[in-house]
Student: 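Provided herewith is a single structure, encoded as structure tokens, for subsequent inquiry.
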Protein chains: 2
Amino acid sequence: MEIRRDVFQAIADPTRREIIDLIAFDTKNLNAIADNFDMSRQAISQHIRILEECGLVVIKKDGRERFCQAKLEKLYEINEWTERYRVFWTGKMGALRKFLDQESDALNRTAKGSSRIKRKNK
Amino acid sequence: MEIRRDVFQAIADPTRREIIDLIAFDTKNLNAIADNFDMSRQAISQHIRILEECGLVVIKKDGRERFCQAKLEKLYEINEWTERYRVFWTGKMGALRKFLDQESDALNRTAKGSSRIKRKNK
DNA sequence: AGTTTGCGCAAGTAGATCCTTGCATATATA
DNA sequence: TATATATGCAAGGATCTACTTGCGCAAACT
């Protein structure tokens, strides 16, 4: 198992999603972020490092402070993946199934014998 | 750390995403799915159990076979979360920042002294 | 100069995750 | 009935993950 540090992995953790929600449109420094959570500053710091490593956060140093700015372009990857299955929650799945069934029916008519449909009686 | 079995967690694993891609519009039985991967049948079986537990897959028994059907309604949760940050990849972030800056400028004019902007010189 | 504040580094830990192997069981097929 | 097929259950191992605590250090107040 090699180390995975992709966006899907990054947003799997609810704390990291909360961090993103917090700073999405409002750059904050590390302690300001940590204040919102019931865990140590270091824990938050580590989460932010992960977000940084996969490109969802940019850290800008200013004196002794580290300002964390969201850079959520990569969430497009995830958005695009889920978007492919949009039909599942728009209530149009019925129509799609109907269409797919007609497709395979047509295929069966033209090429009987090589049924693509795995079906059993009982 | 309690056990998390939510959709974000479920799709964090690339194998599980591949499984979803495979059966999204095409119900398959367990072995047929496992054939597509370079790991044991049990490994795939366990991934599918996880997908089932969080409601992304429904298993229909038919004789000795288990047909796995995708039920991706819950991906809406993820789609909705990413959708909130769409502005980041549509190239409209500049306009948004401009707008937000004007907002805080206005705030500063009406209520000087209680600056919302944390700023330092140098 | 002394103290506080913001943060990093490092080590340690409990438990989760991903995968394996071995064996059992029901259902088909010859 | 004997064999092959589709699958489940259970235990074990190597990592990985999400924390913690303790210490150090530079920047910023007093």
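Chain naming here is simple, since letters A, B, ... match the order of the sequence lines and numbering starts at 1 in each.
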Student: Between A:S45 and C:dC7, is there a contact of a side-chain N or O with OP1 or OP2 at under 4.0 Å?
Tutor: no
Student: Using a cut-off of strictly less than 4.0 Å, decide whether A:N31 has a side-chain nitrogen or oxygen near OP1 or OP2 of C:dT5.
Tutor: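 A:N31 to C:dT5 OP1/OP2: no side-chain N or O under 4.0 Å.
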Student: Using the side-chain heavy atoms of A:N29, tell me which of these nucleotides is nearest: C:dT17, C:dC7, D:dG8.
Tutor: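 Looking only at side-chain atoms, A:N29 lies closest to C:dC7.
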Student: Let me know the distance between CZ of A:R16 and P of D:dC19, rounded to the nearest Å.
Tutor: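 So the two atoms are 9 Å apart, to the nearest Å.
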Student: Could you state the NZ-C1' distance from B:K61 to C:dA28, rounded to the nearest angstrom?
Tutor: 17 Å
Student: Does A:R64 make a side-chain N or O approach to OP1 or OP2 of D:dC29 shorter than 4.0 Å?
Tutor: no
Student: Figure out the CD/C1' separation between B:Q9 and C:dT17, and round it to whole Å.
Tutor: 8 Å
Student: Within the structure, does a side-chain N or O atom of A:R49 lie under 4.0 Å from either OP1 or OP2 of C:dC9?
Tutor: yes
Student: Which heavy atom in A:T82 sits nearest to a heavy atom in A:W89, and how many Å separate them?
Tutor: O-CH2, 3.4 Å
Student: Any side-chain heavy-atom pair from B:F67 and B:I59 closer than 4.5 angstrom?
Tutor: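 A side-chain contact under 4.5 Å is absent here.
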Student: Under a 4.0 Å N-O cut-off, is there an ion pair linking A:E83 with A:R86?
Tutor: yes
Student: Identify each atom pair where a protein N or O and an N or O of nucleotides 20-24 of chain C are less than 3.5 Å apart, giving names and distance.
Tutor:
unit_1	atom_1	unit_2	atom_2	d
C:dT20	OP2	B:S40	N	2.9
C:dT20	OP2	B:S40	OG	2.7
C:dT20	O4	B:Q46	NE2	3.0
C:dG22	O6	B:Q42	NE2	2.9

Student: Should A:H47 be listed as having a side-chain N or O under 4.0 Å from OP1 or OP2 of D:dT17?
Tutor: no
Student: CD of B:E18 versus P of C:dC19: gap in Å, rounded?
Tutor: 11 Å
Student: Once the angle between the rings of A:F25 and B:Y85 is folded into 0 to 90°, is it parallel (under 30°), tilted (30 to 60°) or perpendicular (over 60°)?
Tutor: tilted
Student: Under 4.0 Å between a side-chain N/O of A:T15 and OP1 or OP2 of D:dC19, yes or no?
Tutor: yes
Student: So does A:I33 get a backbone contact from the side chain of A:N36, meaning a donor-acceptor N/O pair under 3.5 Å?
Tutor: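 Looks like yes, one N/O pair under 3.5 Å.
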Student: Can you list everything that forms a salt bridge (charged side-chain N to carboxylate O under 4.0 Å, His left out) with A:R84? Sequence neighbours excluded, please.
Tutor: B:D21
Student: How many whole angstroms separate atom CG of A:L30 from atom P of C:dC9?
Tutor: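 Taking CG of A:L30 and P of C:dC9, I get 12 Å after rounding.
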